[in-house]
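We're numbering straight along the sequence, starting at 1.
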Amino acid sequence: MNIDTGKLQPGEARCPAISTQDIIERDKVAAPGWVRSESYEFLGSEDVSTDRYVSPEFAKAEFERLWTRTWQFACREEHIPEVGDYHVYDIGQYSFIITRVAENDIRAYYNACLHRGTKLRASGSEGGASEFKCSFHGWSWNVDGTLKQMTCPWDFPHVDKEKFSLPEARVALLGGFVWINMDPDAPSLEDYIGPQALAHIREWRLEDRYVHVHVQKSFPANWKLTVEAFMEAYHVIVTHPQVAPSNADANSQYDVYGEHVNRFISPLGVASPHLEGKYSEQDILDQFTVGDGTMLSDDRPSVGDGTARQAMADMFRGMFEQATGSDLSSVSDSEMLDCFSYTIFPSCYLFPGISLPMVYRFRPDPRNHRRCIYEVMFMRPVPKDGRRPDPAEVVILSDEQSFTEAEGMDPGFGKILDQDTDNLFLQQEGIEASAKRGLTLGNYQEIRIRHFERAVDKYMAMEPLKPGSAVAR
């Protein structure tokens with residue numbers, strides 16, 4: 001059980017209800033070690049300055065210091081399965097052509113012609129190519145980045161063709177994701193993530209999943225506020241009351257790993273401690289909401305003498321196996337049910353569970369520091385026959401549209417995302433109107449926010465980094 005009374009050091013207090021680990025310990029199919037581990041660290045109680053959310057100068061400095069030095073998820077390998085396939089990834093003013101040069105060779109070219117700077121491929125585009133040709137004057141580069149052709153080469157005796165290859169960012173592969181970094185001196189992706197979190201990610205085998213639904217929408221809030229809105233379950237009881245009867249929100253577990261990764265585990269199939277004794281086990285089962293609800297039938301089983309959590313786990317295992325053609329017999333009840341939320345700084349969330357099998361990506365709007373580009377992708381296991389479906393095309397919503405309108409989105413989960421959006425609009429405006437110039441954070445339930453902002457501070461203390469004309473691979 002969690003700590004309730006007594007003399008505690010800062011950061012030691014926990015919700016007095018049953019703990020996350022106690023809930024998971026009771027499951028029929030035992031959880032693996034990465035689920036059963038804990039890694040909390042008290043990081044102080046000082047307010048976090050609100051200037052970082054409202055200052056356009058701060059946002060400009062982030063592009064110069066933070067985004068040029070950090071590892072970012074650019075696309076999935078399945079977006080570029082064949083040699084010559086490409087996918088354009090933008091972050092701020094920077095743009096990259098992510099392309100497969102050979103079966104085991106993926107590169108990220110700065111998306112600009114070396115003649116007079118025209119983008120070689122439009123933002124948001126993808127496809128297959130045998131060359132990357134400038135639409136302005138016709139200069140072209142081979143898929144391997146070497147210069148293929150100059151228009152009127154006689155007029156450019158000063159251009160050494162051997163030295164005019166497309167500059168590259170660094171590329172790393174992990175879990176089926178393609179990651180890029182503009183800093184030639186940054187640590188490797190493995191060192192950036194750290195050994196504990198890296199071991200967790202490798203156990204999930206996310207390379208054996210594919211993007212089933214992909215939705216994008218811009219939020220009227222700074223990117224950091226948007227990232228932080230999903231870092232805690234503290235808001236569930238007020239913002240998402242419809243899910244609180246089956247979400248252990250206040251007794252969720254929070255962990256930090258090194259400088260760049262943090263997580264929470266929020267057990268599902270048990271009532272919020274705020275609602276203890278108000279719902280029966282059957283009530284909990286009947287109202288349960290999942291992220292990929294399209295695979296579930298409308299008929300919920302009877303709990304009988306058991307628990308809603310166990311009934312859910314058994315139900316999900318069968319239904320998800322049938323719907324996806326995959327084998328989930330070795331997957332624990334906790335992995336079937338619970339919300340595992342890992343943040344890889346600065347912009348990526350990985351949710352390796354089965355009922356909430358998601359990836360989030362956040363990017364600042366380069367033209368407006370008060371807006372954030374948010375994406376949610378639902379991942380499904382590759383079928384047992386090994387045939388990988390094509391990744392879903394992105395559905396882009398307007399400001400006025402609800403997430404429930406996106407094709408493939410579970411309506412119940414879409415409503416949850418709409419509720420978060422409404423809060424973000426009010427939070428951005430409230431911070432700008434407030435006489436209090438800092439955010440006051442809980443020591444435990446909001447530790448991920450403090451951990452995240454410590455990483456922001458680390459990079460903002462560095463000198464600006466302007467990517468050079470060439471980056472070693």
**Q.** Criterion ring-ring contact (aromatic ring centres under 6.0 Å, His included) on Tyr257 and Trp34, from CA distance to verdict
**A.** CA-CA 12 Å; Tyr257 302 98; Trp34 67 267; over 10 Å; no
Q | salt bridge (Lys or Arg N to Asp or Glu O under 4.0 Å) evaluation trace for Glu228 with Lys224 | A | CA-CA 6 Å; Glu228 292 163 8; Lys224 295 183 295 303; over 6 Å; no
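In summary, the aromatic rings of Phe136 and His115 are positioned with their centroids too far apart to meet the 6.0 Å limit. Here the two rings, on Phe96 and Trp67, have centers that are 6.0 Å apart or farther. Aromatic pair Phe378/Phe413: ring centres closer than 6.0 Å. In summary, the aromatic rings of Phe156 and His158 are positioned with their centroids under 6.0 Å apart. Not less than 6.0 angstrom separates the ring centroid of Trp139 from the ring centroid of Phe132. Ring centroid separation for the pair Phe425 and Phe219 does not come in under the 6.0 Å cut-off. In summary, the aromatic rings of Phe177 and Trp71 are positioned with their centroids too far apart to meet the 6.0 Å limit.
One finds a salt bridge joining Lys436 and Asp47 here, because a Lys/Arg side-chain nitrogen approaches an Asp/Glu carboxylate oxygen to under 4.0 Å.
In this structure, Ser252 contributes its side chain and Asp249 its backbone to a donor-acceptor pair below 3.5 Å. Counting only distance, with no hydrogens or angles, the side chain of His87 and the backbone of Thr99 share no donor-acceptor pair below 3.5 Å. No donor-acceptor pair under 3.5 Å is formed between the side chain of Glu203 and the backbone N or O of His200.
Note that Arg263 lies outside the cation-pi zone of Phe340, set by a 6.0 Å cut-off to the ring centre and a 45° limit from the axis. Cation-pi geometry between Arg100 and Tyr86 is not satisfied (NZ or CZ under 6.0 Å from the ring centre, within 45° of the ring normal).
With 3.5 Å as the limit, one finds a donor-acceptor pair spanning the side chains of Gln253 and Asp255. A donor-acceptor contact under 3.5 angstrom links the side chains of Gln72 and Tyr89, judged on distance only. Checking Glu405 against Ser402 by side-chain atom types alone, no donor-acceptor pair falls below 3.5 Å. There is a side-chain donor-acceptor pair under 3.5 Å between Asn142 and Thr146. For Thr404 and Asp418, the side-chain atoms include no donor-acceptor pair closer than 3.5 Å.
Annotation: Lys415, atom NZ; neighbour count of heavy atoms from other residues, nucleotides and ligands within 6.0 Å does not exceed 12. Around atom CZ of Phe42, more than 12 heavy atoms belonging to other residues, nucleotides or ligands sit under 6.0 Å away. Counted within 6.0 Å of CZ on Arg388, heavy atoms from surrounding residues, nucleotides or ligands total more than 12; the atom is thus considered enclosed. More than 12 non-hydrogen atoms from other residues, nucleotides or ligands lie less than 6.0 angstrom from OH of Tyr94. Counting non-hydrogen atoms of neighbouring residues, nucleotides and ligands closer than 6.0 angstrom, the CD atom of Glu393 reaches no more than 12 such neighbours.
Atom CD of Gln401 is separated from atom CD1 of Ile396 by 10.5 Å, given to the nearest 0.5 angstrom. Rounded to the nearest 0.5 angstrom, Lys458 NZ and Arg65 CZ are separated by 15.0 Å. In this structure, CD1 on Ile373 lies 11.5 Å from OG on Ser347, to the nearest 0.5 angstrom. Between the CZ atom in Arg370 and the CD1 atom in Ile431 there is a gap of 10.5 Å [rounded to 0.5 Å]. Distance check: Phe351 CZ to Cys339 SG gives 5.5 Å after rounding to the nearest 0.5 Å.
In this view, Tyr210 satisfies the side-chain hydrogen bond (donor to acceptor under 3.5 Å, both in side chains) rule with no residue, not counting sequence neighbours. Looking at residues two or more places apart in sequence or on another chain, you find no salt bridge (Lys or Arg N to Asp or Glu O under 4.0 Å) involving Glu446. Scored by the side-chain hydrogen bond (donor to acceptor under 3.5 Å, both in side chains) test, Glu453 finds Arg52, Tyr53 as partners (sequence neighbours excluded). With sequence neighbours left out, the side-chain hydrogen bond (donor to acceptor under 3.5 Å, both in side chains) criterion links Tyr444 to no other residue.
Here the side chains of Leu120 and Lys133 are not in contact, with every heavy-atom distance at 4.5 Å or above. At least one side-chain heavy atom of Glu77 sits less than 4.5 Å from a side-chain heavy atom of Val178. For the pair Gln216/Tyr374, no side-chain contact is recorded, criterion being any heavy-atom separation below 4.5 Å from C-beta on. Counting only heavy atoms from C-beta outward, the side chains of Arg170 and Ile180 never approach each other to under 4.5 Å. The shortest side-chain heavy-atom distance between Ile106 and Ile80 falls under the 4.5 Å cut-off. Looking at heavy atoms from C-beta onward, Met462 lies in side-chain contact with Arg69 at the 4.5 angstrom threshold. Counting only heavy atoms from C-beta outward, the side chains of Tyr349 and Met358 never approach each other to under 4.5 Å. Within the 4.5 Å cutoff, no side-chain heavy atoms of Asp183 are placed close to those of Thr68.
The aromatic rings of Tyr192 and His260 lie parallel to each other, their planes meeting at an angle below 30°, with 60° marking the opposite boundary. Taking the six-membered ring where the residue is Trp, His79 and His214 present tilted rings, their angle falling between 30° and 60°.
For the salt bridge (Lys or Arg N to Asp or Glu O under 4.0 Å) condition, the pairs that include at least one residue of residues 145-162, sequence neighbours left out, are Glu131-Lys148. Among pairs with a residue in residues 134-147, none fulfils salt bridge (Lys or Arg N to Asp or Glu O under 4.0 Å), at least two apart in sequence or across chains.
Across Ala129 and Arg121, no two heavy atoms sit closer than the pair CB-NH2, 3.6 Å. Smallest separation of non-hydrogen atoms from Ala229 and Leu424: CB-CD2, 3.8 Å.
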